Amino acid sequence: MAAPRLRFAPSPTGYLHVGNARALLFNWLVARRQGGEMLLRIEDTDVDRSRPELTDDILDQIRWLGLEWDGEPVHQSERLHLYAKAADTLLAAGHAYWCDCTSEQVQRRAAERGGPPGYDGHCRDRGLAGGEGTALRFRVPDEGTTSFDDIVRGSVSFDNAKLEDFVLLRSSGIPTFLLANVVDDAEMGITHVVRGDDHVNGTPKYLLIGRTLGLDHHPVFAHLPQLVNEQRKKLSKRRDSVSVAEFRDAGYLPEAMVNYLALLGWGPPDGVEIRPLDEIVELFRLEDVTPSPAFFDVRKLQHVNATYIRALEPDRFVARARPFFAHGQATEHVVAPIAELVRDRVRLLTEVEPMVDFLRDDEVTIDDESWRKHVVKHGERAGAMLDAAIAGLGACDWRADAIEAVLVEAAATAGFVNPEGRPQMSKAQGPVRVAVTGRAVGPPLYESLVVLGRGRTLDRLRAARAAL
RNA sequence: GCCCCCAUCGUCCAGUGGCCUAGGACGCCGCCCUUUCAAGGCGGUAACACGGGUUCGAAUCCCGUUGGGGGUGCCA
């Protein structure tokens, strides 16, 4: 069998969202796996809705995900002549006819009939000539069935009698998706049509057009299950926050995003979910894709993202978090020394800066609740702890181990000890941590103090002591 | 309404007639580790929608019911 050719065919009527990205990924995986190509086709025939700038966004997101296409992107708006020619062929052969019904008329007649909505074939035999206000409709056969084999769904068939005569060319002369899609797939030599299963019902029309046109085009189909929200509804750009750009901006790594997306509707045979893309390429098979809809679970995505972040070398971690620093260099300067410690505590790259701001800023704001629960609650001991810390830290070496020794000693002095008389650092570090970082949670304390510096550490400890 | 689908833990995936007293992952809960928080280790919670068949035997095959989704545009 010749090298497969796949295509990702987004419409620039919206941003690239995770559902598109998943379809893109599956196409890309098949192409890579089988040594074929994945082409990119921009379906911009709807002049009213297509927005050129969205094409740029889509291309940007595809590049960001690292799922690049082969060759030059094809724009349908530049190939209108191909569709016009196909329409002529169908018309000449009597497989299409002109119709001057407005959609209002079509709907009204359907309502009056009380029957199913849709076009009733009103203009089939009227012999109208094309021109102003007329659309070209495909004449669907009255009998027979149109069926196809779908890699994920098995055999699917439709009764032609249930298909309405659909529009090929709008009255503006611009082709619809139905026509352009088939003509292009044939012309581009597409062998695998892998797309969302919202296209299943349109597939018989695709087949009918191709067949009637006499195209030697027999792609295999794979309709991917829908990605749904918590209400089990198809993800919607309006209802759900699903644009790929939003995830990028929220601090997700593209490789984590791609890995997670691969897990929706598919799973590796050995159960190892988080793994390099090249391994997924090797394992992926359309035959293994599940036919049921999958819930897009942001929590699991976060877990995958955190795992990818933790796998980063410390300097790489800092480099990749850098674009998310509002304070740039200043933040980078304080993160770098404790990169590994911070890295293991974040799920998103956007969480890095807020975790270390206390190291960067001159002033620290004390969180009320932390102050109450970790300082005030300990009463006298908290004051004693701060006093001992101030005394000890004023003179020790400024290294993590020396700082630890001082604070352990301070804990014993202040009475933070367990029943066996051992210093109890889980509680003793509280007053110091809150005084210095402003809150109860954060990176490991001793290492943080090293970065903060003796001066600012002592200032903050004294300020807290005074406030007690 | 009509057409096309889907149906295993809360969620994602495994399971393709006996290996299933149903497995892994996320989440959640507990314990351990521990300078907070994470991470890590250990353990736990939790599912074959229902009813009929077929079969020696069904989560796996068939039919029906129920539930859910998608489509039904001069959108894609």
Side-chain angles (χ1 to χ4, degrees), chain A residues 9-11 13-14 43-46 48-50 99 101-103 106-107 110 114-119 133-137 150 153-154 156-159 162-164 166-172 174-178 180-181 195-204 223 225-226 228 230-234 260 263-274 288 290-297 299-304 306-307 310 341-347 355 370 374 404 407-408 411 423-430 432-434 437 439-448:
Chain A
S11 176
T13 52
E43 306 217 327
D44 53 359
T45 54
D46 185 343
D48 294 330
R49 297 196 195 193
S50 292
C99 166
C101 300
T102 62
S103 44
V106 172
Q107 282 171 28
Y119 186 65
T134 58
L136 188 71
R137 286 185 184 270
D150 188 294
R153 307 231 174 182
V156 185
S157 77
F158 294 81
D159 195 349
K162 294 287 202 285
L163 265 29
E164 61 177 324
F166 53 90
V167 172
L168 259 10
L169 246 33
R170 301 173 170 90
S171 50
S172 63
I174 301 289
T176 58
F177 156 81
L178 266 356
N181 198 251
R195 57 194 345 182
D197 70 10
D198 46 339
H199 288 292
V200 173
N201 291 271
T203 304
H223 285 100
Q226 218 67 236
V228 300
E230 44 284 290
Q231 276 87 238
R232 294 256 125 204
K233 302 267 193 213
K234 176 167 103 163
Y260 175 65
L263 267 17
L264 295 175
W266 179 81
D270 59 8
V272 179
E273 297 184 321
I274 299 179
D288 297 332
T290 2
S292 48
F295 170 61
F296 186 83
D297 187 354
R299 304 227 276 185
K300 182 146 183 177
L301 204 212
Q302 287 183 348
H303 169 260
V304 174
T307 304
R310 268 183 261 115
L341 300 176
V342 174
R343 180 197 65 188
D344 294 348
R345 289 170 170 72
V346 297
R347 289 171 309 169
M355 187 174 282
S370 300
H374 299 273
E404 175 177 14
L407 294 182
V408 169
Q424 202 170 21
M425 296 314 292
S426 59
K427 289 202 170 64
Q429 55 102 41
V432 176
R433 175 179 290 279
V434 175
T437 75
R439 37 192 188 241
V441 305
L445 185 60
Y446 316 139
E447 290 79 358
S448 295

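Note that this is a predicted model, so its numbers are computed, not measured. Per chain, numbering begins at 1; letters A, B, ... match sequence-line order.
- Salt-bridge check for A:Asp197 with A:Arg153: passed, with a basic side-chain N closer than 4.0 Å to an acidic carboxylate O.
- Residues satisfying the salt bridge (Lys or Arg N to Asp or Glu O under 4.0 Å) criterion with A:Asp288, sequence neighbours excluded, are A:Arg285.
- Residue contacts shown for A:Arg347 are absent, as no nucleic acid heavy atom lies under 4.0 Å away.
- Nucleotides B:rG24 and B:rA47 have their C1' atoms positioned 14 Å apart, rounded to a whole Å.
- Residues passing the ring-ring contact (aromatic ring centres under 6.0 Å, His included) test with A:Tyr119, sequence neighbours excluded: none.
- The interatomic distance linking A:Leu263 (CG) with B:rC12 (P) rounds to 12 Å, in whole Å.
- Looking only at atom types and distance, the side chain of A:Arg195 has a donor-acceptor partner in the side chain of A:Thr203 under 3.5 Å away.
- Using a 4.0 Å heavy-atom criterion, one finds that A:Thr45 contacts the sugar-phosphate atoms exclusively.
- Atom name C1', nucleotides B:rC13 and B:rA7: the rounded distance is 15 Å, in whole Å.
- Distance noted for atom C1' between B:rU60 and B:rU16: 6 Å (whole Å).
- Residue contacts shown for A:Thr437 are absent, as no nucleic acid heavy atom lies under 4.0 Å away.
- Map A:Arg310 and A:Asp159 each onto its nearest nucleotide of RNA chain B; the residue landing nearer the 5' end is A:Asp159.
- Of all heavy-atom pairs between A:Gly196 and A:His223, the closest is O-CD2, 3.5 Å.
- Protein atom CZ of A:Arg137 is 7 Å distant from nucleotide atom C1' of B:rC74, rounded to whole Å.
- Whole-Å rounding puts the A:Tyr260 OH to B:rC12 P distance at 8 Å.
- By the side-chain hydrogen bond (donor to acceptor under 3.5 Å, both in side chains) test, A:Glu447 pairs with no residue at all, sequence neighbours left out.
- One finds the CG atom of A:Asp297 at 9.5 Å from the CD atom of A:Glu230 (value rounded to the nearest 0.5 Å).
- Formation of a donor-acceptor pair under 3.5 Å by the A:Thr290 side chain with backbone atoms of A:Ser292 is not found in this model.
- Counting any heavy atom pair closer than 4.0 Å across all strands shown, A:Thr203 reaches no nucleic acid atom.
- The CG-P distance, from A:Leu163 to B:rC2, rounds to 17 Å in whole Å.
- Atom C1' of B:rG51 sits at a distance of 14 Å from the matching atom of B:rG67, rounded to the whole Å.
- Within 4.0 Å of A:Asp288, counting heavy atoms only, lie sugar-phosphate atoms of the nucleic acid but no base atom.
- Checking B:rG1 for Watson-Crick or G-U wobble geometry (two distances, each under 3.5 Å) identifies B:rU72 as its partner.
- The P atoms of B:rC62 and B:rA46 are separated by 31 Å, rounded to the nearest whole Å.
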Nucleotide N/O to protein N/O under 3.5 Å, stretch nucleotides 45-48 of chain B:
none

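- Judged by Watson-Crick or G-U wobble contacts below 3.5 Å, the nucleotide B:rA25 has B:rU11 as its partner.
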If you restrict it to nitrogen or oxygen atoms, what contacts under 3.5 Å exist between nucleotides 33-35 of chain B and the protein, and what is each distance?
residue, atom, partner, partner atom, Å
B:rU35, O2', A:Gln429, OE1, 2.9
B:rU35, O2', A:Gln429, NE2, 3.3
B:rU35, O2, A:Leu445, N, 3.3

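- When the P atom is used for both B:rC63 and B:rG1, the distance is 23 Å, rounded to whole Å.
- By the ring-ring contact (aromatic ring centres under 6.0 Å, His included) test, A:His374 pairs with no residue at all, sequence neighbours left out.
- The residue among A:Asp46 and A:Gly265 whose nearest nucleotide of RNA chain B lies closer to the 5′ end is A:Gly265.
- Under the rule for a salt bridge (Lys or Arg N to Asp or Glu O under 4.0 Å), the partners of A:Lys234 that lie at least two apart in sequence or sit in another chain are A:Asp198.
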Report each atom pair, protein N/O against N/O of nucleotides 68-72 of chain B, whose distance is under 3.5 angstrom.
residue, atom, partner, partner atom, Å
B:rG69, OP1, A:Lys233, NZ, 2.6
B:rG70, OP1, A:Lys234, N, 3.4
B:rG70, N2, A:Asn201, OD1, 3.0
B:rG70, N2, A:Asn201, ND2, 3.0
B:rG71, OP1, A:Lys234, NZ, 2.8
B:rU72, O3', A:Glu164, OE2, 3.3

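- Salt bridge A:Arg49/A:Asp46: present, at least one basic N to carboxylate O contact under 4.0 Å.
- Partners of A:Arg347 under the salt bridge (Lys or Arg N to Asp or Glu O under 4.0 Å) rule, at least two apart in sequence or in another chain, are A:Glu351.
- Rounding to whole angstrom units, CZ of residue A:Phe166 and C1' of B:rA76 are separated by 14 Å.
- If you take NE2 of A:His303 and P of B:rA39, they are 8 Å apart, rounded to a whole angstrom.
- Pairing for B:rC20 is absent, judged as Watson-Crick or G-U wobble with the two contacts each under 3.5 Å.
- In this structure the side chain of A:Ile174 never reaches within 4.5 angstrom of the side chain of A:Leu169, judged on heavy atoms.
- In this structure A:Arg433 satisfies the side-chain hydrogen bond (donor to acceptor under 3.5 Å, both in side chains) test together with A:Gln429, sequence neighbours excluded.
- Remark: B:rC37 base-pairs with no nucleotide; criterion is Watson-Crick or G-U wobble with both hydrogen-bond distances under 3.5 Å.
- Minimum interatomic distance between A:Val167 and A:Thr176 (heavy atoms only, all atoms of both residues): O-OG1, 2.9 Å.
- In this model, the phosphate group of B:rC12 is not approached by any side-chain N or O of A:Arg299 to a distance below 4.0 Å at OP1 or OP2.
- In this structure, A:Leu264 places its CG atom 15 Å from P of B:rC26, rounding to the nearest Å.
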Do any N or O atoms of the protein come closer than 3.5 Å to N or O atoms of nucleotides 60-65 of chain B, and which pairs are they?
none

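- When the P atom is used for both B:rA14 and B:rA49, the distance is 16 Å, rounded to whole Å.
- Between B:rA38 and B:rC50, the two C1' atoms lie 45 Å apart (nearest whole Å).
- Contact detail for A:Arg137 and A:Cys99: the closest heavy-atom pair is NE-SG, 3.3 Å.
- Pairing for B:rG30 goes to B:rC42, judged as Watson-Crick or G-U wobble with the two contacts each under 3.5 Å.
- Put simply, A:Thr290 has a side-chain N or O that comes within less than 4.0 Å of OP1 or OP2 on B:rC13.
- Scored by the ring-ring contact (aromatic ring centres under 6.0 Å, His included) test, A:Phe296 finds A:Phe247, A:Tyr260 as partners (sequence neighbours excluded).
- With a 3.5 Å ceiling on both atom-pair distances, the Watson-Crick or G-U wobble partner of B:rC50 is B:rG64.
- Nucleic acid contact for A:Glu273: base, since at least one base atom lies under 4.0 Å from a heavy atom of the residue.
- Remark: P of B:rC4 and CZ of A:Phe158 are 7 Å apart, rounded to the nearest angstrom.
- With hydrogens and angles left out, the side chain of A:Thr176 and the base of B:rC74 share no donor-acceptor pair within 3.5 Å.
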